[in-house]
Amino acid sequence: MSDELENKNISESAAPRDFIRQIIDEDLSTWKNGTKVLTRFPPEPNGYLHIGHAKSICLNFGIGIEYNGKTNLRFDDTNPSKEETEYVDSIMEDIRWLGFDWGTGLFYASDYFDKLYEFAETLILKGKAFVCELSADDMRHYRGTLTEPGKESPYRGRGIDENLDLFRRMKAGEFPDGSKTLRAKIDMNSPNINLRDPVIYRIMRAHHHRTGDNWCIYPMYDYAHALSDMLEGITHSICTLEFEDHRPLYDWILDTLETPCHPQQIEFARLNLNYTIMSKRKLNELVTKGYVNGWDDPRMPTIAGLRRRGYTPEAIRNLAERVGVAKRESIIDVALLEFSIREDLNKHAERVTAVINPLKVLITNYPDDQEEFMDFTINPEEPEKGSRKVPFSRELYIEREDFMEEPVKGYFRLFPGNEVRLRWAYFCQMYRF
RNA sequence: UGCCCUGUGGUGUAAUUGGCAACACGCCUGACUCUGGAUCAGGAGAGCCCAGGUUCGACCCCUGGCGGGGCAGCCA
């Protein structure tokens, strides 16, 4: 009995699994995180979500649902100079509209600013971070190039106490913007540029949408992201390909801090659609320069735009499922997006009829004084939706396109001598016109 | 010319992980007097980037090439 059940489950879940789900299956079988599966969707609130984000949302939240796990929504708000609350509101609305729910898992990277700061001091105490005074320009020169190793900053050898003192004073606001940074002490000779003593804190006096003016130093993405994932106990941190080279840094941060949990970062290829702009920067430009009427302009590939355009959440979710998940960069044909909405609309949209370009038809053998109401099925695929009544009489109108005086080959609609069926009504034949 | 990733029909994604390639979209043909942008039935289209190697046998393993993408923000 139990064997049967097991086999059934196996065969039912035998549908092609993408490599991420395969990794999760494997982790579950090796009991890596027990039975826990916790993902997260971490948008930066600096723009509206677009169809590309939808793929990531469906992936992350989809996994949360399938594995009986959860998915957190975490706003990655570590750069106050470009983030706004208008965006966090729109992002939440769009995710809900797509049909997903983060439950109690709503967070902001800024929720962790205090803890992040503590971790930074710990790094300094461990001799793994130092305060650097190189200018942005100098730092770039010291970094080396893709083919040449970098040079160590002259400030790299500072003592722990001095670093700690300086970092505290950075936080206290004693130094001007850009004058100092806190850097991880890793390896200036690394072939991976992300490991050449990356900046983890910068001084920036900007009003933060949540913490106001409490801080004048803000953590960098790599540092904040790894630790935020860790603090939430994320098991699988799914992101796009361009962060692949950042994974060693992600791991270095958690390993060096010897954190109690260490999420696994997994990268997949983002969605690309032909003829479609998928860059937040460019979409932002379209909006701010007034080329379109806002982020929800129906011409925009944003979730809000698609919604106004008439797309349904189902259609978008189906698209995400159809395009799959893999690591190779690809460009999906918009025809697939269009197919998804046609399919969904064909299945669920309620039909009504209208004659745009009318052509009068006289049913010569139908009584002049009679009128009856025909049942028009609202949606043939969903008969439970019932029907509505439409009058039928001697005189009625059809679409001009449905008639051709001289039919071309293959024309099956009304033409002299031809008999056709009037949908949901009678057959009729044309004698004169 | 450093490091990382990637290379299967037109476009995407698969192949129970060594036994000669499936699914979806698109395309073509036929059927249908009730949405012809629908439905149903068929079909064409890749021999898996290339070259060696291992093996009875490789899309799946090894070696070497070639192609595509990413990385030098105090952005994410």
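Every chain is numbered from 1, with letters handed out A, B, ... down the list of sequences.
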Next on the checklist: Would you say A:Arg202 places a side-chain N or O within less than 4.0 Å of OP1 or OP2 belonging to B:rA76?
Outcome noted: yes
Checklist entry - Does the distance from a Lys or Arg side-chain N to an Asp or Glu carboxylate O, for A:Glu244 and A:Lys327, drop under 4.0 Å? => result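 The answer is yes: the pair qualifies as a salt bridge.
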Item to check | Ionic contact status for A:Arg156 with A:Asp197, cut-off 4.0 Å | outcome: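 So A:Asp197 pairs with A:Arg156 through a salt bridge.
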Next on the checklist: At 4.0 Å (heavy atoms only), tell me whether A:Ala326 reaches a base, stays on the sugar-phosphate, or touches nothing.
Outcome noted: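 Sugar-phosphate contact only - A:Ala326 comes under 4.0 Å of backbone atoms but never of a base.
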Next on the checklist: Once you apply a heavy-atom cut-off of 4.0 Å, does A:Tyr218 come out as touching a base, just sugar-phosphate, or nothing?
Outcome noted: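 Contact class for A:Tyr218: none.
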Rounded off to whole Å, could you give me the [atom1]-to-[atom2] distance for the [X] and [N] pair?
X: A:Glu83; N: B:rA76; atom1: CD; atom2: P; answer: 7 Å
X: A:Glu148; N: B:rU1; atom1: CD; atom2: C1'; answer: 11 Å
X: A:Ile398; N: B:rU33; atom1: CD1; atom2: P; answer: 18 Å

For nucleotides 44-47 of chain B, list the nitrogen or oxygen atoms of the protein found under 3.5 Å from its nitrogen or oxygen atoms, one pair per line.
none

Checklist entry - Where each residue is assigned the nucleotide of RNA chain B containing its nearest heavy atom, which of A:Thr147 and A:Trp424 is assigned the position nearer the 5′ end? => result A:Thr147
Next on the checklist: Going by side-chain contact (heavy atoms from CB on, under 4.5 Å), A:Arg158 matches just one of A:Leu166, A:Leu164, A:Asp165, A:Ile124. Which one?
Outcome noted: A:Leu166
Candidates [options] - which lies nearest the side chain of [X]:
X: A:Glu244; options: B:rC4, B:rC71, B:rA14; result: B:rC4
X: A:Asp245; options: B:rC4, B:rU13, B:rA24; result: B:rC4
X: A:Arg342; options: B:rG37, B:rU33, B:rC5; result: B:rG37
X: A:Ala335; options: B:rU6, B:rC74, B:rC25; result: B:rC25
X: A:Phe339; options: B:rC75, B:rG26, B:rA14; result: B:rG26

Quick check on [N]: syn or anti? Syn means the glycosidic torsion is within 90 degrees of zero.
N: B:rU6; answer: anti
N: B:rG30; answer: anti
N: B:rG47; answer: syn

Next on the checklist: If I take atom CD1 from residue A:Ile234 and atom CG from residue A:Asn72, how far apart are they, to the nearest 0.5 angstrom?
Outcome noted: 4.5 Å
Checklist entry - Heavy-atom count around A:Gln370 CD within 6.0 Å, excluding the residue itself: above 12? => result yes
